[in-house]
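Take a look at the structure below.
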Amino acid sequence: MDTRAFDFTVIGGIIGDLLAYLDVTLVVALISIALGSLLGMALAGVKIAGSSWAKGLVNIYTYVMRCTPSIVLLFIVFYGLPVLVRGLFNYSINDMHRAVFAIITFALLFGAYISEVFRAAYQAVSRGQYEAAVSIGIKPWQAVWHVILPQAARIALPNFGNSVINLLKEGSLAYTIGLIDMLGRGNMIIAQHYGAYGIETYLACILIYWLLTVLLEAAFNKLELHFSKGTAMKAEKSQTAWFRWHWRGGEKHGLEY
């Protein structure tokens with residue numbers, strides 16, 4: 001039985017070793033987010049403007065993905081996709097890099113989750129704004145691109161940021177299929193020391209993921225402030241105008257501000 005005392009000084013050296021594999025973790029996360037976002041936009045478009053049968057299929061897909069644990073889907077893709085491809089096309093993908101299977105898995109999951117975020121954000125924008133834009137001669141696609149989508153993006157941004165952070169953390173499950181990412185390297189360090197330094201290694205992983213989360217939160221907060229500048233200025237002007245109107249006794253004299 002290992003009776004070695006916890007050594008806090010070891011964490012610094014382990015962090016340096018783990019950071020050498022941070023690029024694998026980030027590449028898997030970024031590509032999954034990019035592909036999942038495209039899939040989510042397509043699914044949201046079907047949910048908003050698709051036919052009844054297409055909406056039904058998309059809703060079933062979203063429901064199944066949201067009810068499936070990430071690690072279960074990862075195993076299904078890793079072990080089942082090569083069998084499916086071989087059966088349909090008589091082609092082997094067993095030699096494909098393990099990161100590809102992780103990216104496919106997390107893109108499918110992210111697309112399902114984010115499609116609901118995009119759909120809700122699009123439908124939260126008043127339909128009257130689209131009709132007003134079209135009524136003054138703007139083309140329908142321009143009204144959607146320049147009027148509806150910018151507002152929908154601002155509404156969706158907080159939930160999109162949370163989904164990105166969750167995906168980054170769930171990406172650590174990729175080590176279960178043999179991908180040597182940051183957490184995979186951490187498990188190798190523990191194995192090389194015959195089970196020692198387990199607590200120190202996982203604490204080092206926590207610190208790195210915590211730092212990544214803090215940086216992502218700061219980035220999304222800046223984006224939210226950037227997108228809400230116009231709204232904040234309008235609200236401030238409206239509030240200032242209301243105080244002026246109230247100071248003049250607007251309700252007594254029937255004044256309008």
Side-chain angles (χ1 to χ4, degrees), residues 6-8 10-40 64-82 93 96-117 158-221:
F6 174 80
D7 189 355
F8 186 80
V10 175
I11 296 178
I14 293 176
I15 287 178
D17 198 352
L18 295 178
L19 288 176
Y21 293 82
L22 179 60
D23 57 342
V24 180
T25 299
L26 293 180
V27 166
V28 171
L30 291 176
I31 298 178
S32 300
I33 291 166
L35 296 178
S37 297
L38 294 176
L39 176 61
V64 171
M65 288 294 105
R66 294 175 69 179
C67 294
T68 303
S70 304
I71 193 169
V72 174
L73 183 62
L74 181 60
F75 288 157
I76 290 175
V77 171
F78 181 68
Y79 294 108
L81 187 60
I93 60 172
M96 190 177 293
H97 198 284
R98 296 173 189 269
V100 176
F101 296 100
I103 289 170
I104 293 172
T105 301
F106 297 122
L108 292 174
L109 285 171
F110 191 79
Y113 279 99
I114 213 65
S115 66
E116 281 297 296
V117 174
N159 288 327
F160 182 81
N162 290 334
S163 298
V164 168
I165 292 172
N166 288 333
L167 177 64
L168 177 65
K169 292 184 291 185
E170 286 191 353
S172 62
L173 293 172
Y175 86 93
T176 59
I177 60 172
L179 179 65
I180 308 301
D181 60 350
M182 195 166 58
L183 190 58
R185 177 56 185 165
N187 284 305
M188 289 178 63
I189 293 173
I190 296 173
Q192 289 170 357
H193 291 88
Y194 303 100
Y197 301 116
I199 297 177
E200 292 89 342
T201 301
Y202 290 129
L203 282 177
C205 290
I206 288 174
L207 289 174
I208 295 174
Y209 276 107
W210 171 78
L211 180 59
L212 292 173
T213 301
V214 169
L215 293 175
L216 282 173
E217 286 182 346
F220 279 108
N221 286 336

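All values below come from the heavy atoms of this structure, side chains included, with hydrogens, waters and symmetry mates left out. Bear in mind the structure is a predicted one, so any value in this text is a computation, not a measurement. Along the sequence shown, residues are numbered consecutively beginning with 1.
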Fill in: Step-by-step side-chain contact (heavy atoms from CB on, under 4.5 Å) determination, L212 to K169
CA-CA 10 Å; L212 292 173; K169 292 184 291 185; over 6 Å; no
Practice prompt. Compare all side-chain heavy atoms of N166 with those of Y113 and state whether any distance is below 4.5 angstrom.
Written response: no
Fill in: Distance in Å, I189 CD1 paired with T201 OG1, rounded so as to fall on 0.5 Å steps
5.5 Å
Worksheet item: Which atom names give the shortest non-hydrogen contact between Y21 and D17, and what distance separates them?
Response: CD1-O, 3.6 Å
Item to complete: Compare all side-chain heavy atoms of F106 with those of L168 and state whether any distance is below 4.5 angstrom.
Response: no
Practice prompt. Could you give me the CA-CA distance, side-chain angles and deciding distance for I177 and F75, then say whether side-chain contact (heavy atoms from CB on, under 4.5 Å) is met?
Written response: CA-CA 7 Å; I177 60 172; F75 288 157; 4.1 Å; yes
Worksheet entry | M182 versus T25, closest heavy-atom pair with distance | N-OG1, 3.2 Å
Worksheet item: Looking only at heavy atoms, what is the nearest atom pair of A204 and I15, with distance?
Response: CB-CG1, 3.6 Å
Worksheet, complete the sentence: So CG of L39 and CE of M65: to nearest 0.5 Å the spacing works out to 10.0 Å
Discussion item. Between N187 and Y202, is there a side-chain heavy-atom distance shorter than 4.5 Å?
Written reply: yes
Worksheet item: Where is the tightest heavy-atom contact between C67 and P69, given as atom of each residue plus distance?
Response: O-CD, 3.6 Å
Item to complete: Please round to the nearest 0.5 Å and tell me the distance separating atom CD1 of I114 and atom CG of L38.
Response: 12.0 Å
Fill in: Within-4.5 Å side-chain heavy-atom neighbours: I14 and L203
no
Worksheet entry | side-chain contact (heavy atoms from CB on, under 4.5 Å) between F101 and I93, intermediate numbers included | CA-CA 10 Å; F101 296 100; I93 60 172; 4.2 Å; yes
Worksheet entry | Option among V72, L74, V28 that satisfies the side-chain contact (heavy atoms from CB on, under 4.5 Å) test with T105 | L74
Worksheet item: What distance do R185 atom CZ and L18 atom CG have between them, rounded to the nearest 0.5 Å?
Response: 8.0 Å
Worksheet item: Considering only heavy atoms from C-beta outward, does the side chain of E116 approach that of N159 to under 4.5 Å?
Response: no
Worksheet item: With a 4.5 Å limit on heavy-atom distance, are the side chains of S37 and F110 in contact?
Response: yes
Fill in: Note, V24 side chain near I180 side chain (heavy atom, < 4.5 Å)
no
Response to the item:
Rounded to the nearest 0.5 angstrom, the CH2-CG distance for W210 and L215 is 9.0 Å
Worksheet item: Any donor-acceptor pair under 3.5 Å linking the side chain of T68 with the backbone of L73?
Response: no
Worksheet item: Taking atom CG of L35 and atom CG of L30, what is their separation to the nearest 0.5 Å?
Response: 11.0 Å
Worksheet entry | 4.5 Å side-chain heavy-atom contact, T176 and F78 | no
Worksheet item: If you take all heavy atoms of A174 and A102, which pair is closest and at what distance?
Response: CB-CB, 4.0 Å
Practice prompt. For L167 and L109, run side-chain contact (heavy atoms from CB on, under 4.5 Å): C-alpha distance rounded to whole Å, both residues' side-chain angles, the deciding distance at 0.1 Å, then the answer.
Written response: CA-CA 9 Å; L167 177 64; L109 285 171; over 6 Å; no
